[in-house]
2 protein chains.
Amino acid sequence: MGNVTIKDIAQICGVGVSTVSRAMNNHPDINQETKDMIMQAIEQNNYVPNNSARNLKRTDAKAIAVLVKGISNPLFNRMIKVIEQVTQKEKYELVLQHVDDNQDEVTVAIELEKEKRLRGIIFLGGYFSHSEEKLRQMSIPFVLSTISLVEEDERQEYASVSVDDIKESYRIVNYLIQNGHKRIAVVGSRKDDESIGWLRLQGYRKALEQNHIQIDEDLICYVNGNLATYSMEAGYEMTDELLKKGKEFTALFAMSDRMAVGACKAILDHGGKIPDEYSVVGFDGMDVAQYYNPSITTIQQPVEEMAEATIRMLLDLIRKKHKSRHLVFEGQLIEGQSVRNIRENEGGANYESKWNTASDQ
Amino acid sequence: MGNVTIKDIAQICGVGVSTVSRAMNNHPDINQETKDMIMQAIEQNNYVPNNSARNLKRTDAKAIAVLVKGISNPLFNRMIKVIEQVTQKEKYELVLQHVDDNQDEVTVAIELEKEKRLRGIIFLGGYFSHSEEKLRQMSIPFVLSTISLVEEDERQEYASVSVDDIKESYRIVNYLIQNGHKRIAVVGSRKDDESIGWLRLQGYRKALEQNHIQIDEDLICYVNGNLATYSMEAGYEMTDELLKKGKEFTALFAMSDRMAVGACKAILDHGGKIPDEYSVVGFDGMDVAQYYNPSITTIQQPVEEMAEATIRMLLDLIRKKHKSRHLVFEGQLIEGQSVRNIRENEGGANYESKWNTASDQ
DNA sequence: TTGTATGCGTTATCAG
DNA sequence: CTGATAACGCATACAA
């Protein structure tokens, strides 16, 4: 027998389909005995309701979707875990959907909204530059989380949670400068990046400028070819190339911890010492930075708190408690063993790690 | 206008709904002009077809689902990428679904099969011990991939692709032994693990036994508390504890590369030298093992080939080309800089890395 | 080439 | 408390 439906169950039990529906959906107005009888028949016949049909009819479904952009990032996993907990407690169903890098997330969102009768959407990652028209099609509230909003203007009107990538990037580069570094290489994303890569580079430039250090464009490395952005491999290859060119530098800022790991390895393979000859810093606050040898100084994003804020904000929007807001979190500079203070009048390397993080993935 | 449907478009264009449907689905028997007109109206009115309704009607949908067990593993990301490519070429739609650790993947599969009218399913990760009854409910072919089939018997009848965890684990522990190590600690999963953790431990035991080395149960570390299995943190904590107990050992086998990283860090924090005082090996072949300092010797799983084999096997099953098969791939031992040969009559450490991997995530 | 009518499997409505 | 019946939005057999 191909597929057992609600009708079959009704027939088997000698009741109407609506009674079966009531039994399944915990409706109050049903006799306990008939309910038991029906549930038993459902068990015995391995009946599984068809979700497509359900979604089509249902009006009171409580579902929220998280659209994750790009190949899964360990940081996002931690965020999703938090979001899951909150939605569960609030009795919402959570739909997790991955969106390809080359896919348009708003299109996916609109489709999903219809298909699953969503009440709200969280966009996680990527960057956001969509036509107002398209965004207006979304008839349910949404929150942009961990998304770099490059343009200041209209985009501010959408609810969002993030860190200030420029500011945090500035913070860590400035930290290097305070430790006496002037020739600071940077290992980033693609040259045409308009997203976080671009923002973090702005922070780098700003830090140098404000400290009256001439920017050497040769020390700015962009990913080329088909290397995966922010990957260890990319960090390695770019640093390797930089070292081969013989450009002089005393510190390196990698725009992700994974790239920082690759950069460190390249330096070590070239016989360099960290932090004695080269200081290295990363960005994100992933566990690999903490456990690397040496542990890597980085900017830790408060992912759990950001996730909590994101889902709370969305729930508030759904309940019309308040209008869209723009929440910006502070990153935290975590000192590892990868930076050396090279100012003449002060002491040597800083070897005391201040790491204390949750585990990624 | 709450939600524009196919009816609205039909009305706007002054045609029947079936004509609109035909226009959208590229049916051959339709006038090009009317088709253009309809497509334009669809654009202008931002009409997006409801997938739930589609799934309900459609009989010829070609969709395949990948059910990924547990929080996303970087290795799986690489596999999914391959599966995506093949399915795209073969004109199948790919549905990616994550399954919680505490969720039953077969239940999810059965639901999804009905909802999306699937033609086949790939189970990725986790371990598999389900009642025959439940599995019989699945009326479409499926392949178990990267899943440890602990029991030899009936399970062999299901299609599967994997490495032999016992054998590969044996291989790398035996490698340590060949390098003169006798006191080999192991950092694994939970004590009650019945999955790959258990299998890899079997390989460890077998290697020691066959080399007539007494097994010291004190050197076998199990994850306890709520540490995430296979995480860097778990690797660190277990190794830290082991070192604090003062148990003597010259080598350590971590059951995942991420744990190996944590283990290395713990050793280094205790002032130990790798590989001079402690040799460390991992398992998986992730990029972090390659880029760690020192790079870590490990067993590399041929993930891309396994993914290709998995989807090919599923497609063959769908086309009824052949019956279920059981494919086992060979792992490859990749030598890093983390193992030292301590046999008296031979040379020193092996410092030449043979790493050459694709990038994770 | 096009329109009409039917049904996919459920839930909501309304009358018993 | 329960059962018939009408939607939900779409695809398709069949008629035109």
Side-chain angles (χ1 to χ4, degrees), chain A residues 1-39 41-42 45-63 93 110-118, chain B residues 1-39 41-42 45-63 93 110-118:
Chain A
M1 83 184 177
N3 249 333
V4 37
T5 75
I6 196 174
K7 270 186 187 168
D8 299 323
I9 300 296
Q11 215 157 37
I12 290 167
C13 296
V15 300
V17 287
S18 39
T19 310
V20 178
S21 176
R22 276 189 275 262
M24 294 191 307
N25 298 310
N26 293 319
H27 276 193
D29 50 350
I30 185 173
N31 187 313
Q32 186 61 40
E33 284 174 40
T34 49
K35 181 172 175 179
D36 291 344
M37 193 249 297
I38 290 167
M39 293 313 279
I42 286 176
N45 294 278
N46 300 318
Y47 165 63
V48 177
N50 182 317
N51 272 323
S52 285
R54 278 191 149 168
N55 292 330
L56 205 53
K57 249 339 262 185
R58 236 183 209 159
T59 57
D60 66 326
K62 286 175 62 175
E93 193 197 338
I110 294 169
E111 268 185 52
L112 205 62
E113 174 190 337
K114 298 206 175 190
E115 179 178 342
K116 303 270 190 180
R117 290 271 152 82
L118 301 176
Chain B
M1 58 156 209
N3 247 333
V4 39
T5 74
I6 196 173
K7 268 187 188 169
D8 300 322
I9 300 295
Q11 217 155 38
I12 290 167
C13 297
V15 299
V17 287
S18 45
T19 310
V20 178
S21 176
R22 277 190 274 264
M24 294 192 305
N25 299 310
N26 292 319
H27 269 126
D29 50 349
I30 185 172
N31 188 312
Q32 186 61 41
E33 285 173 39
T34 47
K35 181 174 176 179
D36 290 343
M37 193 247 299
I38 291 168
M39 293 313 280
I42 287 177
N45 294 278
N46 301 319
Y47 165 62
V48 176
N50 183 315
N51 271 322
S52 285
R54 281 192 149 167
N55 292 330
L56 207 51
K57 270 308 288 186
R58 235 185 214 158
T59 57
D60 66 325
K62 285 174 65 176
E93 193 197 340
I110 293 169
E111 268 184 50
L112 207 61
E113 175 189 336
K114 298 205 175 191
E115 179 177 343
K116 303 271 190 177
R117 291 270 151 83
L118 301 177

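Labels below follow one simple rule: chain letters A, B, ... track the order of the sequence lines, proteins then strands, and each chain is numbered from 1.
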Throw together a table of side-chain donor-acceptor distances under 3.5 angstrom for residues 14-23 of chain B, partners on residues two or more places apart or in other chains.
unit_1: B:S18; atom_1: OG; unit_2: B:R22; atom_2: NH2; d: 3.4
unit_1: B:S21; atom_1: OG; unit_2: B:N25; atom_2: ND2; d: 3.3

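- At a threshold of 4.0 angstrom between heavy atoms, the contacts of B:N31 are confined to the sugar-phosphate backbone, with no base atom among them.
- Between A:Y47 and A:I9, the shortest heavy-atom distance links the atoms CB-CD1, 3.6 Å.
- Between A:K114 and B:N51, the side chains place no donor N or O within less than 3.5 Å of an acceptor N or O (distance only, hydrogens not considered).
- Note that the first and last nucleotides of DNA chain C, 5' to 3', having any atom under 4.0 angstrom from a heavy atom of chain B are C:dT1 to C:dG9.
- With sequence neighbours left out, the side-chain hydrogen bond (donor to acceptor under 3.5 Å, both in side chains) criterion links B:D29 to no other residue.
- Judged purely by atom type and a 3.5 angstrom limit, B:D8 uses its side chain to pair as donor or acceptor with the backbone of B:T5.
- You'll find the side chain of A:S52 stays beyond 4.5 Å of the side chain of A:L56, heavy atoms only.
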Yes or no on side chain to side chain contact (heavy atoms under 4.5 Å, CB included) for A:V4 and A:N46, after CA distance, side-chain angles and deciding distance? CA-CA 8 Å; A:V4 37; A:N46 300 318; 5.5 Å; no
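- Under the salt bridge (Lys or Arg N to Asp or Glu O under 4.0 Å) criterion, B:E115 pairs with A:K116, sequence neighbours left out.
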So if I define the base as every atom that isn't primed, P, OP1 or OP2, how would nucleotides 9-16 of chain D read as a B/S/- string at a heavy-atom cutoff under 4.0 Å? BBBB----
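- Residues B:R54 and B:R117 fail the side-chain proximity criterion, which asks for heavy atoms closer than 4.5 Å.
- Proximity of B:I38 to B:M24: side-chain heavy atoms (C-beta onward) are nowhere separated by under 4.5 Å.
- For the pair B:K114 and B:G16, nearest-nucleotide mapping onto DNA chain C gives the more 5' position to B:G16.
- The bend of the helix from C:dT1-D:dA16 to C:dG16-D:dC1, defined by the angle between the axes of its first five and last five pairs, stands at 40° to the nearest 10°.
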